[in-house]
Amino acid sequence: MLPFTVKVLEIIKEIPSGSVMTYGQIAAIAGSKRGARQVARILHSMSEKYSLPWHRVVNAQGKIVLHNQELANRQKELLENEGVFIQEDQRIDLNHYKYTGEMAFKKEKEDFPWE
DNA sequence: AGGGTGACGGGAA
DNA sequence: CTTCCCGCCACCC
């Protein structure tokens with residue numbers, strides 16, 4: 001297995017419940033700034049057998065982008081169950097939920113929509 | 001071998 | 001805000 005793939009899997013495993021990361025962000029941390037599509041492919045092929053929190057990965061616009069509608073619905077449910085608010089336009093506010101690895105909750109000045 | 005294809009991203013108009 | 005467009009690269013025929 002490629003080193004890049006191993007890193008990607010490790011990074012995804014560290015995303016805490018209630019947060020999300022983007023494909024490109026994960027690729028950059030893993031060492032390939034333009035490897036977003038590879039991250040997506042890795043998730044597509046390995047999310048089951050490596051029991052990853054695959055649902056905590058969205059695109060750079062904060063949207064769920066699975067082509068498979070059934071899986072997309074499952075991802076939305078899983079995220080909402082963790083307290084991630086999905087807006088009417090199906091986007092997630094990355095300013096609130098994007099996991100940076102360090103200051104995960106740097107912006108607590110703004111109120112959460114459901115409170 | 002070679003062309004098509006994405007669970008993507010970012011810049012331009 | 002919306003398209004459109006191109007770079008990207010491992011996989012799958």
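Note that the structure is a prediction, hence the values are computed from the model and not measured.
- Taking atom NZ of A:Lys63 as the reference point, atom P of B:dG10 lies 16 Å away to the nearest angstrom.
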Would A:Ile92 and A:Gln87 count as a side chain to side chain contact (heavy atoms under 4.5 Å, CB included) if you check the C-alpha gap in whole Å, the side-chain angles of each, and the deciding distance to 0.1 Å?
-> CA-CA 6 Å; A:Ile92 293 165; A:Gln87 305 167 11; over 6 Å; no

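- With rounding to whole Å, A:Phe4 atom CZ is found 10 Å from C:dA10 atom C1'.
- Of the residues near DNA chain B, A:Gln38 and A:Gly24, the one whose nearest nucleotide (by heavy atom distance) lies more toward the 5' end is A:Gln38.
- One interatomic measurement links the two molecules: CE of A:Met1 to P of C:dA10, which rounds to 15 Å at whole-angstrom precision.
- Per the geometry, NZ belonging to A:Lys98 stands 16 Å off P belonging to B:dC8, to the nearest Å.
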Between A:Val39 and A:Phe4, does a side chain to side chain contact (heavy atoms under 4.5 Å, CB included) hold up when you go through it step by step?
-> CA-CA 9 Å; A:Val39 173; A:Phe4 176 74; 4.2 Å; yes

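- Every side-chain hydrogen bond (donor to acceptor under 3.5 Å, both in side chains) that A:Arg56 has, sequence neighbours left out, goes to A:Glu82.
- Distances were taken from every side-chain heavy atom of A:Arg41 (C-beta onward) to each of B:dG10, C:dC8, C:dA10; the shortest belongs to C:dA10.
- In this entry the distance linking OH of A:Tyr23 with C1' of B:dG10 reads 17 Å, nearest Å.
- Where pairing requires Watson-Crick or G-U contacts shorter than 3.5 Å, the helical stems of DNA chain B with at least three consecutive pairs are B:2-6 with C:9-13, B:8-13 with C:2-7.
- Rounded to an integer number of Å, the gap from A:Leu94 CG to B:dG10 P is 11 Å.
- Which of C:dC8, C:dC11, B:dG9 sits closest to the side chain of A:Arg37 comes down to C:dC8.
- Whole-Å rounding puts the A:Gln61 CD to C:dT2 P distance at 11 Å.
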How far apart are the C-alpha atoms of A:Ile11 and A:Met21, what are their side-chain angles, what is the distance that settles it, and do they pass the side chain to side chain contact (heavy atoms under 4.5 Å, CB included) test?
-> CA-CA 9 Å; A:Ile11 292 166; A:Met21 290 184 85; 4.0 Å; yes

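- In this structure, A:His44 places its NE2 atom 20 Å from P of C:dC9, rounding to the nearest Å.
- Here OH of A:Tyr50 is found 13.0 Å from CG of A:Leu43. Values are rounded to the nearest 0.5 Å.
- To the nearest 0.5 Å, the span separating CG on A:Asp93 from NZ on A:Lys98 amounts to 11.0 Å.
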Candidate pair A:Val20 and A:Ile15, rule side chain to side chain contact (heavy atoms under 4.5 Å, CB included), full reasoning | CA-CA 7 Å; A:Val20 298; A:Ile15 308 175; 5.8 Å; no

